[in-house]
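What you see is a predicted model, and the numbers here were worked out from it, not measured in a lab. Throughout, numbering of the chain's residues begins at 1 and tracks the sequence.
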Amino acid sequence: VRFDNCTMNDVTFVQDPRDSLEWALQLTSCKVPTAIKILPLGRVCLSDVEFAQPVGLPAVAIDLTDCKFRGDALLGRAGAANFLSLSIMDTDFKGRMICQCGRAFITRYHNVHMDPVELRAVAFKEGSLHDCHFREKSTFIGVKFEGRVTDAVFGKGSVFQDCHFDSGLSGVVAADCVFRNCAMDSAREGCPLAHCNFSGSSFTNCTFLPDYHHTRAACKYTAMEGSNFSFVKFSDCKMQRSAQLFADSDLASFWNLHGAAIEDSPEIGDAG
């Protein structure tokens, strides 16, 4: 079902019980100023579409390009057994983006602007996430970042819990954020954490370079991989899964640790 250059008022899609749930909906250059009811379907493709009211898109595959959501966006079919493949580009969420399915796989996430977001059990696929701004405090629980996270900005107070940054982070700003039980990067070539700003954040039970092995350079981090950890609080953090983080004597040479502290210990930043 396709609509181009339309203004859609008070639209409800009525489905015959004998109809397939795998139908597709495509909207291009449309405005939806009022509520719209979309029944379960297979795929949604939206380009240059503006929703003024909250909307549900109960599909298994969603492609959003140059869209605006003024209210909440409920994505995917509800239910723990359902999954969603999601691609988002050049899209603005003024309300919440809620993945209501059991598992979501994000294949593209470029230039997305969003107010508070809460993502649970979501996997960002390789190459899917860069140049994104999360303007407000957001929550990420059980999120797996399979590709490298680059040039993203996370709002102050954002929480990352049980997250895995499989290919590391580069050029990321996550100041005054909270990280719990996270694997922060990887020792695979080109996958470490580098050029990030974590000033004022806290890290609890987090692991750095969890798959470190002898093929990496003698120093676990290099001058080319420096990041800002000033005024950060560390608690029970480890390097290579087992070694305590600050057992690495070279760490202070490559990270800015000014004012940083291990919880319940003196400041470490100026002590080398």
Before you tell me yes or no, could you show the steps for V11 and V32 under side chain to side chain contact (heavy atoms under 4.5 Å, CB included), namely the whole-Å CA-CA distance, both residues' side-chain angles and the distance that decides it to 0.1 Å?
CA-CA 9 Å; V11 173; V32 188; over 6 Å; no
Could you give me the CA-CA distance, side-chain angles and deciding distance for F160 and V143, then say whether side chain to side chain contact (heavy atoms under 4.5 Å, CB included) is met?
CA-CA 8 Å; F160 299 82; V143 175; over 6 Å; no
Apply the test side chain to side chain contact (heavy atoms under 4.5 Å, CB included) to residues F69 and T91: give CA-CA distance (whole Å), side-chain angles for both, the deciding distance (0.1 Å), then the verdict.
CA-CA 8 Å; F69 293 85; T91 293; 4.0 Å; yes
Give the C-alpha distance, both sets of side-chain angles, the deciding distance and a yes or no for side chain to side chain contact (heavy atoms under 4.5 Å, CB included) between L57 and L46.
CA-CA 11 Å; L57 301 174; L46 307 179; 4.0 Å; yes
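Counting all heavy atoms, side chain and backbone alike, S201 lies closest to D176 at OG-N, 3.2 Å. P58 and G56 make their closest contact through CD-O, 3.4 Å (heavy atoms, listed as atom of the first residue, atom of the second, distance). In terms of heavy-atom proximity, L169 sits nearest to M184 at CD1-O, 3.2 Å. Minimum heavy-atom separation, C196 to S227: N-OG, 3.0 Å. Residue G42 comes nearest to A59 through the heavy atom pair O-CB, 3.6 Å, listed as atom of the first residue, atom of the second, then distance. Minimum interatomic distance between K156 and K137 (heavy atoms only, all atoms of both residues): O-CB, 3.6 Å.
The same ILVMFWY cluster, assembled from side-chain heavy atoms under 4.5 Å apart, contains both V1 and L27. Linking ILVMFWY residues whenever their side-chain heavy atoms come closer than 4.5 Å, directly or via other members, leaves F229 and V178 in distinct clusters. Cluster annotation: V122 is connected to V172 through the hydrophobic network of ILVMFWY side chains, with a link wherever side-chain heavy atoms come within less than 4.5 Å. One hydrophobic cluster, built from ILVMFWY side chains closer than 4.5 Å, cannot hold both I98 and F93; they sit in different ones. Both V49 and I38 sit in one connected hydrophobic cluster of ILVMFWY residues. Membership requires side-chain heavy atoms under 4.5 Å apart, directly or through other members.
Defined by atom type and a distance below 3.5 Å, a donor-acceptor pair is missing between the side-chain atoms of N205 and D236. Between the side chains of S230 and S199, at least one donor-acceptor pair of N or O atoms lies under 3.5 Å. Under 3.5 Å, the side chains of S186 and D166 contain no donor-acceptor pair of N or O atoms. A donor atom on one side chain and an acceptor atom on the other are not found under 3.5 Å apart for R148 and S167.
Using a 4.5 Å heavy-atom cutoff, the side chains of F198 and L193 are in contact. Residues R108 and D63 form a side-chain contact, since some pair of their non-hydrogen atoms from C-beta on lies under 4.5 Å apart. Looking at N9 and P33, their side chains come closer than 4.5 Å, going by heavy atoms from C-beta outward.
Classified by interplanar angle (parallel below 30°, tilted 30° to 60°, perpendicular above 60°), the ring pair W23/F13 is tilted.
Atom CG of residue N82 and atom SG of residue C99 lie 12.5 Å apart, to the nearest 0.5 angstrom. We find the CG-SG distance between D162 and C182 to be 7.0 Å, quoted to the nearest 0.5 Å. Here F179 contributes atom CZ and C206 contributes atom SG; the two are 7.5 Å apart, rounded to the nearest 0.5 Å. Rounding to the nearest 0.5 angstrom, the gap separating the CD1 atom in I88 from the CG atom in L75 is 6.5 Å. The OG1 atom of T28 lies 8.0 Å from the CG atom of N5; values are rounded to the nearest 0.5 Å. Taking CG of L41 as the start and CZ of R43 as the end, the distance is 10.5 Å to the nearest 0.5 Å.
Within 6.0 Å of NZ in K238 there are more than 12 heavy atoms belonging to other residues, nucleotides or ligands.
With ring centers used as reference points, F145 lies 6.0 Å or more from H164.
Judged by distance alone, the side chain of S158 and the main-chain N or O of S138 form a donor-acceptor pair under 3.5 Å. At distances below 3.5 Å, at least one donor-acceptor pair connects side-chain atoms of T34 with backbone N or O atoms of D10. Checked by atom type and distance alone, the side chain of D185 never pairs as donor or acceptor with a backbone atom of F208 at under 3.5 Å. In this structure, the side chain of R77 does not engage the main chain of L84 through any donor-acceptor pair within 3.5 Å. The backbone N or O of T204 sits nowhere less than 3.5 Å from a side-chain atom of S235 that would complete a donor-acceptor pair.
Here the options are F105, Y109, F165, the test is ring-ring contact (aromatic ring centres under 6.0 Å, His included), and the partner is F124; only Y109 passes.
The existence of a salt bridge linking D72 and R96 is confirmed by a sub-4.0 Å separation between a basic side-chain nitrogen and an acidic carboxylate oxygen.
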